[in-house]
Amino acid sequence: MTHTDLPYEMTGYNKFLTAEGLPAISPPWGTLNAINLNTGKIAWKIPLGEDENLIKQGLPVTGTENYGGPVVTAGGLVFISATKDKKIRAFDKRNGKLLWEATLPAAGFATPSVYLLNGRQYRLLPVAVAS
């Protein structure tokens with residue numbers, strides 16, 4: 001038997017969405033979570049990402065789909081840009097408090113890199129901008 005003989009087929013990665021195109025589940029729709037590796041318990045959990053249209057309607061931050069992970073620096077900063085709202089953010093690793101954010105030219109669906117060169121620390125994040 002080959003895969004073409006199987007009684008089912010793949011129809012793609014379909015999402016369960018509302019008529020407005022939003023996830024058809026209760027928010028948050030994306031979170032950033034810190035796990036205490038000594039206890040296995042969640043240390044903190046926050047919504048990650050925001051939908052500008054929902055913010056304008058007065059709704060709280062809902063989080064968005066996330067594609068990519070965080071990187072943690074030796075100084076205790078968590079950098080992540082995995083959201084579709086085109087932002088990169090820095091959080092305090094101890095409590096999840098947002099310390100900084102900036103808008104990117106496109107969504108940064110990748111895990112940032114952090115490196116040290118000549119005594120200076122750098123962040124690198126590839127983003128794809130359509131031409």
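These values consider heavy atoms only, across backbone and side chains, with no hydrogens, waters or symmetry-generated copies. Here the structure is a predicted model, which is why all the values come from computation and not from measurement.
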Smallest separation among heavy atoms of [X] and [Y], with atom names:
X	Y	value
Thr73	Phe79	CG2-CE1, 3.8 Å
Thr62	Pro47	C-CB, 4.2 Å
Trp100	Ala102	CZ2-CB, 3.5 Å
Gly68	Thr111	C-OG1, 3.8 Å
Val72	Val78	CG2-CG2, 4.0 Å
Lys84	Ala107	CA-CB, 4.1 Å

Do [X] and [Y] share a hydrophobic cluster, counting only Ile, Leu, Val, Met, Phe, Trp and Tyr and linking them when any side-chain heavy atoms are less than 4.5 Å apart?
X	Y	answer
Leu32	Ile35	no
Val71	Leu124	no
Leu99	Leu104	yes
Val61	Phe91	no
Leu77	Leu125	yes

Say you draw a straight line from NZ of Lys87 to CD of Glu52; how long is it, rounded to the nearest 0.5 Å?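 Rounded to the nearest 0.5 Å, the NZ-CD separation comes out at 7.5 Å.
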In Å and rounded to the nearest 0.5 Å, what is the CG to NZ distance from Asn33 to Lys45?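 That separation rounds to 5.5 Å.
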Between Thr31 and Leu48, does the side chain to side chain contact (heavy atoms under 4.5 Å, CB included) criterion hold? Intermediate values first, please. CA-CA 5 Å; Thr31 61; Leu48 181 62; 5.6 Å; no
Short N-O contact, Arg94 and Asp92, less than 4.0 angstrom: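 Salt bridge: yes.
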Side-chain donor or acceptor of Ser81 paired with backbone N/O of Ile88 under 3.5 Å: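 Judged by distance alone, no pair lies under 3.5 Å.
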Say whether, by atom type as modelled, one donor and one acceptor occur between the side chain of Asn95 and the main chain of Lys93 under 3.5 angstrom.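 Looks like no, no N/O pair under 3.5 Å.
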Give the C-alpha distance, both sets of side-chain angles, the deciding distance and a yes or no for side chain to side chain contact (heavy atoms under 4.5 Å, CB included) between Val114 and Gln121. CA-CA 7 Å; Val114 177; Gln121 191 173 34; 3.1 Å; yes
Walk me through whether Gln57 and Leu54 qualify under side chain to side chain contact (heavy atoms under 4.5 Å, CB included). CA-CA 5 Å; Gln57 294 175 29; Leu54 297 178; 4.2 Å; yes
Any Leu22 side-chain heavy atom under 4.5 Å of Asp51 side chain: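 Side chain of Leu22 against side chain of Asp51, heavy atoms only: contact under 4.5 Å found.
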Which word best sums up how the rings of Tyr115 and Tyr122 line up, parallel for under 30°, tilted for 30 to 60°, or perpendicular for over 60°?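 Because their plane-to-plane angle is under 30°, the rings of Tyr115 and Tyr122 count as parallel.
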